[in-house]
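These notes concern the structure reproduced below.
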Amino acid sequence: MTPATINWRDDTPHSETFDDYYFSSENGIEETNYVFLQRNELQQRWSCWQDNPGNVFTIAETGFGTGLNFLCAWQLWHQQNFNHSRLHFVSVDKYPLQRSDLTRAYKKWPILEPFCQELLNKYPPLVPGFHTIELAGGKIRLTLIFSDATKAYQEVQGRIDAWFLDGFTPSRNPDMWSPTLFHEIARLSYPGTTFSTFTAAGIVRKGLTGVGFNVNKLPGLGPKREICYGNFTKKTKHLSHLMHNQKPWFSGPVCYKTPGTAAIIGGGLAGASIARNLANRGWLVQVIEKHQKTAQEGSGNPTGITFTKLSQYNNPQNRFYQLAYLFSTPLLLELLNNSKFVRGKDWDLNGVIRLAYCEKERLEQIALVKSGLWPQDIAVPLSAKETTALIGFPCETPALLLKQGGWLRPADVVNSLLDHPNITLVCNTQLKELVQINTQVSSSTHHSKQPYWQLTLQKADTDTQLTSDIVILANSFGASTLKQTAHLPLRSVRGQVSYIPASEKSQKLKYALNYEGYTAPARDGSHCVGATFHPKAKHLTLQQEDHVTNLNNITAGLKSFADAINAEKMKNNPGLKGRVGFRCQTPDYLPMLGPVPCVDAFVEDYAPLRKGMLRDAMPLGKYHQGLYVSLAHGSRGITSAPYCAEILANIIMGDVIATDKQVLEALHPARFLIRDIKRRKI
Ligand SMILES: Cc1cc2nc3c(=O)[nH]c(=O)nc-3n(C[C@H](O)[C@H](O)[C@H](O)COP(=O)(O)OP(=O)(O)OC[C@H]3O[C@@H](n4cnc5c(N)ncnc54)[C@H](O)[C@@H]3O)c2cc1C
Ligand SMILES: C[S@@+](CC[C@H](N)C(=O)[O-])C[C@H]1O[C@@H](n2cnc3c(N)ncnc32)[C@H](O)[C@@H]1O
């Protein structure tokens with residue numbers, strides 16, 4: 001990423017690259033009000049806004065810059081005192097400002113101080129992609145996309161209520177006013193969407209008129225040039241083919257604008273994450289768990305590390321893991337800070353030390369730093385000496401400090417997430433069968449004219465029925481036993497962690513260590529050292545050879561720490577404790593997230609793909625309406641589950657989705673089905 005190059009002129013930021021000001025040097029706030037808030041009639045629209053749960057007003061902007069327009073929109077929203085509805089602000093910047101420049105710019109606006117402060121605290125690292133940030137206790141959501149505007153909006157899915165077009169002057173920055181960008185703006189608009197901009201240049205008016213906007217001119221503020229504003233009238237015929245930018249098989253499911261009832265199957269990290277996310281949006285949620293307690297299977301390890309895949313390459317898979325980590329770690333921090341669990345004793349998010357435990361890893365760390373994808377504010381390269389000083393154990397290799405990571409007990413996260421008035425936890429209850437009920441009759445408990453679901457649940461030896469508007473399967477391998485999801489390719493990878501008794505010396509470890517395996521600081525007198533990988537193994541009993549593998553890995557990672565826990569001696573200790581778990585994975589190692597396809601309809605509708613036919617004339621995908629999955633979180637459920645929950649909630653409610661189209665498709669539950677049809681396997 002190239003950060004903005006700012007010249008400060010009388011405390012007003014001026015772009016060296018575009019030779020233009022970010023905002024008016026005399027009256028920035030006044031101009032934002034006049035050009036953007038007033039021309040989009042935000043005050044009028046919000047004064048008659050229905051303050052219902054699930055109601056979201058979405059503003060999209062080109063050119064985030066200092067975020068002044070966002071801050072003013074947030075302030076105006078705040079003044080409405082809404083209790084339930086939310087403002088979603090989507091913006092983009094190819095050359096984002098550094099935090100230090102933002103801090104300097106914000107000195108100009110003491111009136112916006114609390115908003116500026118919160119934004120500064122949560123401003124994302126300068127890493128490409130979609131960053132979704134929760135502000136004002138969840139009432140404001142900012143999706144900040146660090147990318148070129150046209151590329152970014154080509155990846156956006158959703159519907160925009162108002163546009164703030166704020167690139168630099170068209171003559172100096174034509175990229176922000178291109179026909180392709182105008183097409184994307186039209187694709188995301190509907191009759192009623194408004195726009196405004198600080199310029200009335202011919203190419204802007206012509207471009208917007210051409211894609212279906214009604215364009216009006218008005219004098220600028222004071223002596224300034226004319227501005228323009230207007231609203232979207234209709235999708236013009238010649239553009240209609242551009243309006244669906246998704247592959248037809250990934251488009252189709254209807255969304256739920258109003259929260260209803262949700263049954264979530266599985267009381268692990270995935271189930272608890274989506275339960276909390278939907279509960280926050282006003283859904284009434286029941287979480288069905290077959291065990292007596294939550295977090296008894298994949299999420300049952302005593303300690304896990306909050307970490308992610310590190311890569312120097314920016315592809316959808318790596319982007320997913322990086323953005324999941326950046327999204328989830330602040331949420332986990334807030335959640336645990338507000339819980340009964342004690343920081344430093346039960347958990348910490350003070351950073352993970354990724355040791356350069358072999359030459360290959362050392363070279364990869366160098367390449368990672370060079371790639372710029374993991375900048376210093378999130379990944380700090382440490383020399384061997386610095387690592388030694390930080391962790392207090394002699395270290396002979398360099399390392400990376402992953403600043404937002406740490407260690408925690410997954411069950412603490414699950415139980416804290418489920419602690420919400422809209423969530424009911426039903427344990428000792430197993431989902432046996434799901435049947436969709438099609439109805440044309442509206443009832444008080446279900447969305448009118450939408451099908452709903454009847455669940456057969458088994459508790460002890462008794463079957464009971466539950467109905468729900470939507471069902472989310474977050475039940476890991478359990479999904480394979482249900483008719484609708486039996487086709488999903490879920491694989492199991494056995495893993496064993498070892499509980500190594502802490503010594504006086506080893507208790508001094510305060511950072512989670514990551515190498516070929518991982519070691520957490522001591523909790524309740526032992527270190528959780530993990531974990532082995534055995535894709536084919538199914539046995540539940542602890543294996544001594546797996547303990548030996550875990551101990552050998554820590555010895556190769558950090559010998560001084562291995563000595564502190566007497567690793568050599570422990571290898572011969574037949575009484576070592578531990579735990580066996582099974583990771584649920586897909587063949588491409590990405591989770592399975594989204595609506596569930598109807599297999600027979602897919603096979604029939606997309607049969608022409610076998611002959612390599614073009615997709616244009618194909619029908620939209622057929623899905624089991626109201627049935628979704630969040631499965632296969634593999635080895636990184638702690639960070640992937642909360643991010644997947646956010647994306648899934650966006651999909652369910654038709655909000656602008658917190659990730660790009662490529663990532664969405666890479667996670668889609670229909671991806672393997674389509675691949676198999678294309679390969680003529682089915
Ligand atoms: C050994 C090991 C070490 C790991 N270490 C880490 C780590 O350090 N960091 C990290 O991020 N990740 C780690 N992971 C991965 C992480 O634990 C998983 O990705 C995560 O727990 C998956 O959560 P889940 O909710 O999808 O699945 P689960 O936690 O397995 O939850 C699924 C739930 O569904 C319930 N269920 C199933 N079928 C039904 C049904 N029909 N009716 C009702 N309930 C049902 C199950 O009882 C279960 O509680 C590790 C995994 C293992 C195995
Ligand atoms: C006029 S400034 C935006 C001012 C901003 N709204 C504010 O409140 O400070 C224009 C912004 O567009 C960004 N930009 C320029 N070209 C871009 C492009 N092709 N894609 C995305 N952003 C771009 C610049 O980095 C700059 O931050």
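Keep in mind that what you see is a predicted model, and the values were worked out from it rather than measured. One-based numbering, in listed order, for ligands and for the atoms of each.
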Report task. Enumerate the atoms of ligand 2 whose separation from the nearest heavy atom of Phe18 is less than 4.0 angstrom. Result -> 15 (C), 16 (N)
Query raised in the report: Any chance the side chains of Thr32 and Asn69 put a donor and an acceptor closer than 3.5 Å?
Result: yes
Query - Heavy-atom nearest neighbour in the protein, as seen from atom 23 (O) of ligand 1, with distance rounded to 0.1 Å - result: Ser299 OG, 3.2 Å
Query raised in the report: For ligand 1, does Ala295 get within less than 4.0 Å through its side chain, its backbone, both, or neither, judged by non-hydrogen atoms?
Result: neither
Report summary line: dist Thr103:OG1 -> Tyr123:OH (nearest 0.5 Å) comes out at 10.0 Å
Report summary line: Logged contact type for Val493 with ligand 1, heavy-atom cut-off 4.0 Å, is neither
Query raised in the report: Given Asp148, Val92, Leu181, which has its nearest heavy atom closest to atom 19 (N) of ligand 2?
Result: Asp148
Query - Phe164 and Phe70 aromatic centres sub-6.0 Å - result: no
Query raised in the report: Below 3.5 angstrom, do we get any N/O pair linking Gly63 and ligand 2?
Result: yes
Query raised in the report: Are Phe89 and Trp77 an aromatic pair by the rule of ring centers under 6.0 Å?
Result: no
Query - Note: Arg523-Asp348 ion pair, threshold 4.0 Å (strictly below) - result: no
Query - Numbered atoms and elements of ligand 2 in range of Glu61, under 4.0 angstrom, heavy atoms - result: 6 (N)
Report summary line: Short version for Ala474: what comes under 4.0 Å of ligand 1, heavy atoms counted, is backbone
Query raised in the report: N/O of Ala149 under 3.5 Å from N/O of ligand 2, yes or no?
Result: yes
Requested in this report: With heavy atoms of Gly268 as the reference, note each atom of ligand 1 found under 4.0 Å away.
Outcome: 25 (O), 29 (O), 31 (O)
Report task. Output the list of atoms in ligand 2 that are nearer than 4.0 Å to some heavy atom of Ser147, sorted by atom number. Result -> 20 (N), 21 (C)
Query - Under 4.0 Å to a heavy atom of Ile305 - the qualifying atoms of ligand 1, by number - result: 7 (C), 8 (O), 9 (N), 10 (C), 11 (O)
Query raised in the report: Are the charged groups of Lys107 and Asp11 less than 4.0 angstrom apart, N to O?
Result: no
Report task. Flag Ala270 as yes when one of its N or O atoms lies below 3.5 Å from any N or O atom of ligand 1, and as no otherwise. Result -> yes
Report summary line: Value for OG1 (Thr197) from CG (Leu165), rounded to nearest 0.5 Å, stands at 5.0 Å
Query raised in the report: Short list, please: which atoms of ligand 1 are under 4.0 Å from a heavy atom of Gly478?
Result: 38 (N)
Query raised in the report: Are Asn550 and Ser498 linked by a side-chain donor-acceptor pair shorter than 3.5 Å?
Result: yes
Query raised in the report: For ligand 2, which atoms have a heavy atom of Thr66 less than 4.0 angstrom away?
Result: 7 (C), 8 (O), 9 (O)
Query - ligand 2 contact on Thr62 by region, counting heavy-atom pairs under 4.0 Å - result: neither
Report task. Run the numbers for me: atoms of ligand 2, each under 4.0 Å from some heavy atom of Gly67, listed by number. Result -> 7 (C), 8 (O), 9 (O)
Query - Residue, atom name and distance, where the atom is the protein heavy atom closest to atom 10 (C) of ligand 2 - result: Asp166 O, 3.3 Å
Report task. Assess the pair Tyr499 and His527: is the distance between their ring centroids shorter than 6.0 Å? Result -> no
Requested in this report: Show which atoms of ligand 1 fall inside a sub-4.0 Å distance from at least one heavy-atom site of Thr429.
Outcome: 43 (C)
Query raised in the report: Between Glu16 and Thr5, do the side chains contain an N or O donor and an N or O acceptor separated by less than 3.5 Å?
Result: no
Report task. State the atoms of ligand 1, each with its element, that fall below the 4.0 Å cut-off from a heavy-atom position in Gly298. Result -> 17 (O), 21 (O), 28 (P), 29 (O), 30 (O)
